[in-house]
Amino acid sequence: MSFNQDFVDKLLPKFNKAFQDMESLESGKISNPDEKRMVGHYWLRAPELAPNDEIRKEITEPLIKIKQFVTKIHQGTIKPPSASKFTDVLCVGIGGSALGPQFVSDALAPCQAPMSIHFVDNTDPEGIDKTIHQIGERLKSTLVIVTTKSGKTPETRNGMLEVQHAYEMQGLKFESHAVAVTMPGSLMDEIANEWLERFPMQDWVGGRTSELSAVGLLPAALQGIDIDEMLIGAKEMDEATRVKSLKDNPSALLALAWFYSGNGKGEKDMVVLPYKDSLLLFSRYLQQLVMESLGKEKDLDGNIVHQGIAVYGNKGSTDQHAYVQQLRDGVSNFFATFIEVLQDGQNNPLELEPGVTSGDYLSIFLQGTRQALYENGRDSITISIPQVKPRTIGALIAMYERTISFYASLVNINAYHQPGVEAGKQMAASILNLQTKVQAIMKQTSGEISIETLALQTGYPDEIEAVYKIVRHLAANNRNIALEGDLSNLLSLKVSAI
Ligand SMILES: O=P(O)(O)OC[C@H]1O[C@H](O)[C@H](O)[C@@H](O)[C@@H]1O
């Protein structure tokens with residue numbers, strides 16, 4: 001990164017404030033003012049630092065419960081009614097209730113994992129059917145984990161109902177296969193009352209920072225991943241990033257680099273390039289962590305700021321054969337983050353040429369791309385880890401979590417709420433309401449009507465385009481509606497009930 005000492009000196013007061021803000025956050029002050037919540041994910045790996053005994057218990061008790069439950073599942077003490085053991089795990093959840101478990105599974109699950117894992121993270125019926133089809137006969141020995149902090153996310157509810165239906169179709173009792181991870185008292189908590197087990201999600205842990213809570217630890221432990229090591233890695237990184245010295249603090253340095261690169265306004269995108277197949281999902285995980293945390297319209301004083309940093313990426317060297325061309329030669333609107341893994345992970349590596357292995361190529365390609373970018377004035381950050389293992393993954397997660405906290409302080413925003421997501425959900429709910437009205441009207445309509453008339457009859461004449469999209473979708477799925485006319489020309493269409 002091409003900043004100089006002057007730039008660092010100028011930012012030092014902001015960092016001193018960021019260090020203070022973090023101290024206050026970690027001491028349990030309300031750091032998510034809109035939702036009036038504490039922000040406590042850092043306590044998950046150091047319960048001794050939690051502000052009181054009640055919170056400490058909220059961390060230690062579920063952890064014991066997870067370990068006991070996982071042992072019983074692996075031993076077959078807790079077993080499904082029609083098989084001797086659970087063999088598979090099916091996780092239903094979305095956003096922060098899916099991305100961490102998916103990333104960690106891809107990065108760390110051993111080849112001979114005690115259980116295979118599958119995910120339903122959308123309300124796409126075809127995607128759900130495909131997953132259930134892949135599980136096939138093993139559905140009877142599959143443990144379902146429904147994860148939702150709020151307990152009311154529509155996609156997760158739908159996924160659960162679809163999965164439940166699949167169990168019923170095979171004559172299996174869903175409740176004997178299901179556990180929930182949710183906030184005590186939530187709708188899901190009530191639904192899961194008769195299930196195998198319920199694991200709590202803490203009010204003071206946000207979805208996107210929940211990987212080291214029951215959300216991530218339960219599926220990881222079921223796959224035989226050492227969750228204690230993940231927690232140790234995160235704790236060690238927390239200690240290293242609690243240091244109030246910019247130059248000695250990895251998260252502060254990372255936040256400084258982000259601030260420099262995007263001029264404190266997110267002017268440049270973050271391209272995440274791990275040179276390791278097992279870290280493929282890291283960019284997707286970071287996309288939520290960074291963009292949902294930092295992408296904000298207003299700062300903490302209510303000024304319109306439109307903050308954020310766009311994140312994308314995949315893996316090296318694969319991406320060198322795709323979009324890296326633009327990174328080097330095209331529009332200069334990004335900074336790259338290389339993630340370098342020192343150990344190749346092969347015992348007897350093949351020598352492709354004398355003294356050269358596949359792993360050497362991977363390492364050399366990283367260096368080559370980094371230098372080629374640098375020579376063309378493109379900045380990059382390189383993070384090196386010795387190996388992809390539970391401890392380093394815990395550490396990486398913790399490093400980025402604290403970088404978010406620091407950066408949010410530098411640009412004076414609340415990193416812990418997501419008002420924009422709520423807006424989309426409310427819109428979707430009103431369109432569902434409109435669909436219900438359309439279906440009710442069409443049930444009582446004989447003959448053809450225009451979309452304009454139909455919109456008028458719903459009481460929302462201005463929602464003509466939404467009505468058009470609703471009927472087009474219903475007709476495409478044989479849902480008792482037929483359309484006559486040119487599908488691409490709204491005004492030519494006539495709707496009738498069938
Ligand atoms: O865990 P849940 O309450 O089901 O939420 C799942 C996800 O959806 C929400 O819309 C939020 O934007 C995410 O931050 C959250 O992780």
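Atoms within a ligand are numbered from 1 in the order they appear, just like the ligands themselves. Only heavy atoms go into these numbers, but all of them, side chains included; no hydrogens, no water, no symmetry mates. Index from 1, following the sequence.
Panel note: side chain Glu229, backbone Thr392; no donor-acceptor pair is recorded below 3.5 Å.
The side chain to side chain contact (heavy atoms under 4.5 Å, CB included) test with Ile339 singles out one residue from Leu279, Thr382, Leu273, Ile381, and that residue is Leu279. Between Tyr312 and the options Phe282, Phe334, Tyr323, a ring-ring contact (aromatic ring centres under 6.0 Å, His included) holds for only Tyr323.
Residues Thr458 and Glu463 bring no donor and acceptor atom of their side chains to less than 3.5 Å of each other.
Near ligand 1, residues Ile94, Gly95, Gly96, Ser97, Thr148, Lys149, Ser150, Thr153, Gly207, Arg208, Gln288, Glu292, Gln418, Val421, Lys425 come within 4.0 angstrom through at least one heavy atom.
Relative orientation of the Phe199 and Phe69 rings is perpendicular, given thresholds of 30° and 60° on the angle between their planes.
Within 6.0 Å of NZ in Lys298 there are 12 or fewer heavy atoms belonging to other residues, nucleotides or ligands.
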